[in-house]
Amino acid sequence: MVTINSITISPPLINTACAWASDEPQLTALFDCPYTGAVTTRTVTLGGFNEDASHTVAFFKDSLSSINSYGYSPHPLFSYIGPGGWIRSILKRSPDASKPFIISITESHATDLRLMLNAIQGLRAAQQGWASRIAIELNTSCPNIPARSPASYDPTGPALAALLDVLAEFFWKDTSLTIGVKLPPYVAGAQIADVVQTIATYSRVDPFSDTSVNPIAFLTCTNTLGNSLVFADQVEGATGEFAVPPGVGGLAGEAIHALSLGNVYAFSKLLAASEDSALRQIVVIGAGGITSAEAVARMHRAGAKVVGSATLLGKLGVAAFERLSKSVDSVLKDT
């Protein structure tokens, strides 16, 4: 069991934001699965993403790896949290359950992000107990959006700061709001240090407890590795020259496992060593190549408190989490 601000994840095994968490049947299956401790939605925008046939996924022939050209969910935020929204419906039918939803969101403009956060806060306030069953993950790292560099690729830049400013604004109005950020697989240690330094600027001292508090409660490390090229003969069922129609896409699964582990390890070490007690409380969710019980254990050894999987979910459906859960049990027994 892992507590992240106002939500509790038990067991500490989740799906990460992906195409297999897009609609009501998929979200329901993930919620009903006894081996998931929380359900993360596919990353959603305010009005929905214009998805077409060029947005797809391919699985490797020789490893549990994938490449995808997906953007964000084609469904608008309203489909998830509106009066007849899928998350609202699932929460209503399971009033005694404690499993939370992590609503993965993104927007490039602060005004639209405010609208999304206002709507999510309305859902959290709709019924007693829902505030502790809904968290927000800001996806700042999707590599498949043409002509738009993900905000967290420049950790000290104005694009990321503008989005973090909005998150902080809402958090200081309601400190029970659990907020996380999904990050890319960094290849330079200086980038990781820059992320931590940027987040640290949002810490404040709580005048009542005299302790440091930060709006960011968790970091999801990592998203897919962008600008990756895979040919059709390397994957299952592809036609044409490339695995995905655009040629390049986001690499995931076993192919990025070592890099994702390195990110989890580096973030965990930097956060734990911080003089700011608020940063030491930030939870790292490890993702990237979680395709076996051994991979789960490695993520925990690297410092992740919660582990997330997407590629294996795409291959096996929710049965993936039963396969992975044995490792979670063994890790918990050893801690």
Side-chain angles (χ1 to χ4, degrees), residues 4-9 14-33 36-51 70-140 142 163 166-171 173-182 215-218 220 285 308 310 313:
I4 307 177
N5 194 19
S6 65
I7 70 166
T8 298
I9 299 177
I14 66 173
N15 71 292
T16 52
C18 62
W20 306 286
S22 296
D23 56 28
E24 185 171 22
Q26 292 170 336
L27 295 173
T28 298
L30 287 163
F31 186 85
D32 290 342
C33 176
T36 59
V39 177
T40 308
T41 69
R42 186 177 183 180
T43 300
V44 61
T45 60
L46 184 62
F49 180 79
N50 186 22
E51 187 170 88
Y70 288 123
Y72 306 119
S73 174
H75 309 292
L77 179 65
F78 186 83
S79 295
Y80 294 86
I81 68 169
W86 304 323
I87 293 175
R88 188 183 294 264
S89 297
I90 293 170
L91 292 176
K92 280 184 176 179
R93 74 166 173 82
S94 307
D96 297 326
S98 60
K99 183 180 294 188
F101 277 92
I102 300 172
I103 304 176
S104 183
I105 62 173
T106 196
E107 278 295 347
S108 57
H109 301 292
T111 300
D112 289 340
L113 183 59
R114 284 192 181 91
L115 291 173
M116 297 183 79
L117 289 169
N118 268 321
I120 293 170
Q121 284 292 69
L123 177 64
R124 294 180 71 241
Q127 291 198 22
Q128 185 176 2
W130 283 13
S132 62
R133 297 185 62 189
I134 298 169
I136 293 171
E137 174 192 82
L138 179 66
N139 186 346
T140 63
C142 178
L163 300 176
V166 176
L167 297 181
E169 172 190 327
F170 276 79
F171 176 80
K173 293 177 183 176
D174 176 8
T175 56
S176 73
L177 178 60
T178 302
I179 300 171
V181 180
K182 188 169 188 179
I216 306 304
F218 68 92
T220 305
I285 298 177
L313 171 62

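Nothing fancy with the numbering, it's 1 onward along the sequence. We use all heavy atoms of the structure for the numbers below, so side chains are in, but hydrogens, waters and symmetry mates are not.
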Check: [Y] main-chain N/O paired with [X] side-chain donor or acceptor under 3.5 Å:
X      : Y      : value
Ser6   : Ser132 : no
Gln127 : Lys92  : no
Ser73  : Arg42  : no
Thr140 : Lys182 : yes
Asn5   : Pro215 : no
Arg114 : Val166 : no
Lys99  : Phe31  : yes

Once you round to the nearest 0.5 Å, how far does CZ of Phe171 lie from CD1 of Ile136?
->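 Here the rounded value is 11.5 Å.
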
Would you find more than 12 non-hydrogen atoms of other residues, nucleotides or ligands less than 6.0 Å from Asn50 atom CG?
->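 Not more than 12 within 6.0 Å, no.
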
Taking the side chain as every heavy atom from C-beta outward, state whether [X] and [Y] have any atom pair closer than 4.5 Å.
X     : Y      : value
Tyr80 : Leu123 : no
Thr41 : Leu27  : yes
Ile14 : Val39  : no

Please determine if Glu24 and Arg93 form a salt bridge, counting it only when a charged side-chain N lies under 4.0 Å from a carboxylate O.
-> no

